[in-house]
Number of protein chains: 2
Amino acid sequence: MTKVTEVSSEERLRSSGLRPTRQRVALADLIFAKGDRHLTVEELHEEAVVAGVPVSLATVYNTLHQFTEAGMIRVLAVESAKTYFDTNVSDHHHFFIEGQNEVLDIPVSNIEIGNLPEPPEGMEIAHVDVVIRLRRKRERS
Amino acid sequence: MTKVTEVSSEERLRSSGLRPTRQRVALADLIFAKGDRHLTVEELHEEAVVAGVPVSLATVYNTLHQFTEAGMIRVLAVESAKTYFDTNVSDHHHFFIEGQNEVLDIPVSNIEIGNLPEPPEGMEIAHVDVVIRLRRKRERS
DNA sequence: CTGTGTGCAAACTCTTTGCATAAGT
DNA sequence: ACTTATGCAAAGAGTTTGCACACAG
């Protein structure tokens, strides 16, 4: 058995109220096949094209946002021109490499956060993001 | 002489190797007058215009980036179309309100972060950002 | 005076939108 | 068939850039 995952993509879509169209299934497959990952619209689009699913950029945008609303993926809080989507919806954290706009998962996510503040009235915490910004260590000159 | 602050803006600029030009001083004044704050280029531009300093948008962009390089302010890690600059350069944290793209300081920043991971080879931690994403609490329907 | 900084407008990048065509149920 | 999704290209938003003019030292 190589791909047991394909089934769940369709399921996943259906149970989110999304029609399992060719494009959506293909994108979901790509997204969830390789475990947790973060990707931009462009990256996913490129992958899809390479995988022989010539989906349009606009559709990738749409699809990723639909997936986000459905809670299948989420948007990462990084300061970058591009939006990063993360397949891991749980509270976990990231390195962000300055200058390269690159996102790395933090290997063993055993960061502990204590003393979380109370959210303001009427608000609740949707997600806690810890972004550790990295810079290239300056070689002493 | 009404404004004693102007002196420090000029100083601040000079010691960062930036010429204290009219625009830079004005922007620095605006930025640092009201304590810690986070603002977008547009917001600052608007404030400047209102304050009678008709600086151009491009200059605000330039200036904020220069300030950032000089370490006077920093860029916030939030997922938003706009870039947020923060006058507080120390490690402290933020609420980010979904949908409204609004940034709030976390009042008493006594969040504790434990078990910070080692940065990858050759990299060092520039900054740790904790972004607590808030959503409007669903009124039970 | 000389070198930097500024303003303007055009260019760029990422993202969204409108509408005709195609696909799902 | 009827509804929803997709693709394309154009429009939008935020940001950057190039070059002539203006200002700081």
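Reminder, nothing fancy here: chain letters follow the sequence lines and each chain counts from 1.
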Please check the phosphate of dA5(D) (OP1 and OP2 only) for any side-chain N or O of Gln66(A) closer than 4.0 Å. no
Integer-rounded Å distance: dG7(D) P and Asn62(A) CG: 10 Å
Step by step, would you call His94(A) with Val130(A) a side chain to side chain contact (heavy atoms under 4.5 Å, CB included)? CA-CA 6 Å; His94(A) 301 90; Val130(A) 177; over 6 Å; no
In whole angstroms, how far is the P atom of dA9(D) from the OH atom of Tyr61(A)? 17 Å
With a cut-off of less than 4.0 Å, is there a side-chain N or O of Thr40(B) near OP1 or OP2 of dG14(D)? no
Return whichever of Lys82(A) or Pro20(A) has its heavy-atom-nearest nucleotide of DNA chain C closer to the 5' end. Lys82(A)
Within the pair Gln23(A) and dA23(C), is there a side-chain N or O less than 4.0 Å away from OP1 or OP2? no
State whether Thr83(B) places a side-chain N or O below 4.0 Å from either non-bridging phosphate oxygen (OP1 or OP2) of dT15(D). yes
Between C1' of dT4(C) and CG of Leu13(B), the distance in whole Å: 14 Å
Is the distance from the ring center of Phe85(B) to that of His65(B) below 6.0 Å? yes
Among the nucleotides dA23(C), dG5(C), dC14(C), which one has an atom lying closest to any side-chain atom of Thr21(B)? dG5(C)
Could you tell me whether the phosphate oxygens of dG7(D), OP1 or OP2, come under 4.0 Å of any side-chain nitrogen or oxygen in Thr59(A)? yes
Interatomic distance, His65(A) NE2 vs dT15(C) P [rounded to whole Å]: 8 Å
Minimum-distance nucleotide to Ala81(A) side chain [options: dG7(C), dC14(C), dG24(C)]: dC14(C)
Arg24(A) CZ - dG24(C) P separation (whole Å): 11 Å
Evaluate Val131(A) against Phe95(A) for side chain to side chain contact (heavy atoms under 4.5 Å, CB included), listing each step before the verdict. CA-CA 6 Å; Val131(A) 178; Phe95(A) 287 125; over 6 Å; no
Check whether the side chains of Asp91(B) and His127(B) place a donor and an acceptor atom closer than 3.5 Å, and report yes or no. yes
Under 3.5 Å, is there a donor-acceptor pair between the Asp36(A) and His92(A) side chains? no
From dT25(C), dT4(C), dG7(D), nucleotide with atom closest to Arg14(A) side chain: dT25(C)
Checking contacts here: which listed nucleotide (dC8(C), dT15(C), dA9(D)) is nearest the side-chain heavy atoms of Leu57(A)? dT15(C)
Whole-Å distance between dA22(C) P and Arg19(A) CZ? 17 Å
Please report, rounded to the nearest Å, how far the C1' atom of dG14(D) is from the OH atom of Tyr84(B). 12 Å
Whole-Å distance between dG25(D) P and Leu18(B) CG? 12 Å
